[in-house]
Structure formats: structure tokens, C-alpha cells
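Here's the structure we're looking at; comments come further down.
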Amino acid sequence: CSMSSESDLQAAVVHFLQAYLPPGSVFHHSPNEGNHKVQYRVKQKRLGVRAGWPDLEIFVQPTWFREGVNWSPIFIELKTKTGRVSPAQKQVQADLIAANCHVEICRSVAAVQQFLDTKITRRLP
């Protein structure tokens, strides 16, 4: 399945997550992309918006994590086949990994499922 834009890919991933994640899971997208006036960006930064933040943050109850996988928030950065990771995104990912979070760059819905399957199970604990 080829996605023409990152927003198309994200919409497909959101649809997938709604059906796939185990009960009690929560996910969120922080809308910090796009072109905005400098004043807006300054205000957002002051309020805690961080450039390079991953596209999706996912919270799954600890009981759904696979044996041997530590509970942690899951962060996914979505990119098209040709999309590049920015320096700000690389830095945020490194910071999240240092905070023991699960972080992955995914270029398809299948890649999101493959990554999640290494962390969580959909079988009853």
C-alpha cells in the first residue's frame, strides 16, 4: 500500500491503531508540523511544544507488554518511503530512547504493526 503523503500515511495508521491496540490503550498526535508565523512558534515553544516530537505517542497498559519488554510509552515517527528524518527529530528520538521509551521510524502501516508486535501482545494476559 503506497501512501502519497505523510498525512495519508498517518490517517491510515490512526485507523489501524483504533482497531489494533488492546483495550485501555491511548494514543495521541501532537500537531506541531506545518508552516506558522514566528510569533505562533515562539508561543508554542514557550508552552512546551518541541520541534521534532514524534508523530504518535502510544500508551498501552503494562499487562499487554510482551514478557521481557519493559513498560514504556511508545513513540512512532511516520515517514513516506522518501521522507527524511530531521536533525531535531533525531535528537528527540535519542532523548526519548535515553528516557527508556520505545521509539521507531515507520514508513507503512505494516511497519507499525511489525514494531508494535515486538512490544505488545493482543492476547489476553
With sequence neighbours left out, write down each residue that passes side chain to side chain donor-acceptor pair (under 3.5 Å) with Ser7, or none if nothing qualifies.
-> Ser5
Just jot down the side chain to side chain contact (heavy atoms under 4.5 Å, CB included) partners of Gln61, sequence neighbours excluded, or say none.
-> Thr63, Trp64
Please list, chain by chain and in numerical order, all residues satisfying side chain to side chain contact (heavy atoms under 4.5 Å, CB included) with Ala110, sequence neighbours excluded.
-> Ser108
By ring pair (Phe, Tyr, Trp, His ring centres under 6.0 Å) - contacts of Phe75 (at least two apart) | Trp53
Set of residues satisfying ring pair (Phe, Tyr, Trp, His ring centres under 6.0 Å) with respect to Phe16, sequence neighbours excluded = Tyr20
Give, for atom [atom1] of [X] and atom [atom2] of [Y], the distance between the pair rounded to the nearest 0.5 Å.
X: Gln18; Y: Phe27; atom1: CD; atom2: CZ; answer: 4.5 Å
X: Ile76; Y: Leu116; atom1: CD1; atom2: CG; answer: 4.5 Å
X: Thr118; Y: His102; atom1: OG1; atom2: NE2; answer: 8.0 Å
X: Lys81; Y: Arg107; atom1: NZ; atom2: CZ; answer: 8.5 Å
X: Cys106; Y: Gln113; atom1: SG; atom2: CD; answer: 11.0 Å

If you take all heavy atoms of Ala51 and Ala88, which pair is closest and at what distance?
-> O-CB, 3.9 Å
How close do Leu78 and Asp55 get, heavy atom to heavy atom, and via which atoms?
-> N-OD2, 2.8 Å
Apart from Ile105 itself, residues in the same hydrophobic cluster as defined by side-chain heavy atoms under 4.5 Å | Val85
Quick one: do His15 and Val109 satisfy side chain to side chain contact (heavy atoms under 4.5 Å, CB included)? Show the steps, please.
-> CA-CA 10 Å; His15 181 76; Val109 174; over 6 Å; no
State which residues pass salt bridge (Lys or Arg N to Asp or Glu O under 4.0 Å) with Lys79; sequence neighbours excluded, sorted by chain then number.
-> Glu6, Glu77
Which pairs pass salt bridge (Lys or Arg N to Asp or Glu O under 4.0 Å) with one or both residues in residues 91-104, sequence neighbours excluded?
-> Arg50-Asp95
With sequence neighbours excluded, give me every salt bridge (Lys or Arg N to Asp or Glu O under 4.0 Å) pair touching residues 14-26.
-> none
Please table the atom pairs, donor to acceptor, closer than 3.5 Å between any side-chain atom in residues 65-74 and protein atoms at least two apart or in another chain.
residue	atom	partner	partner atom	Å
Arg66	NE	Asp117	O	2.4
Arg66	NE	Ile120	O	3.3
Arg66	NH2	Asp117	O	3.2
Trp71	NE1	Val60	O	2.6
Ser72	OG	Asn100	O	2.7

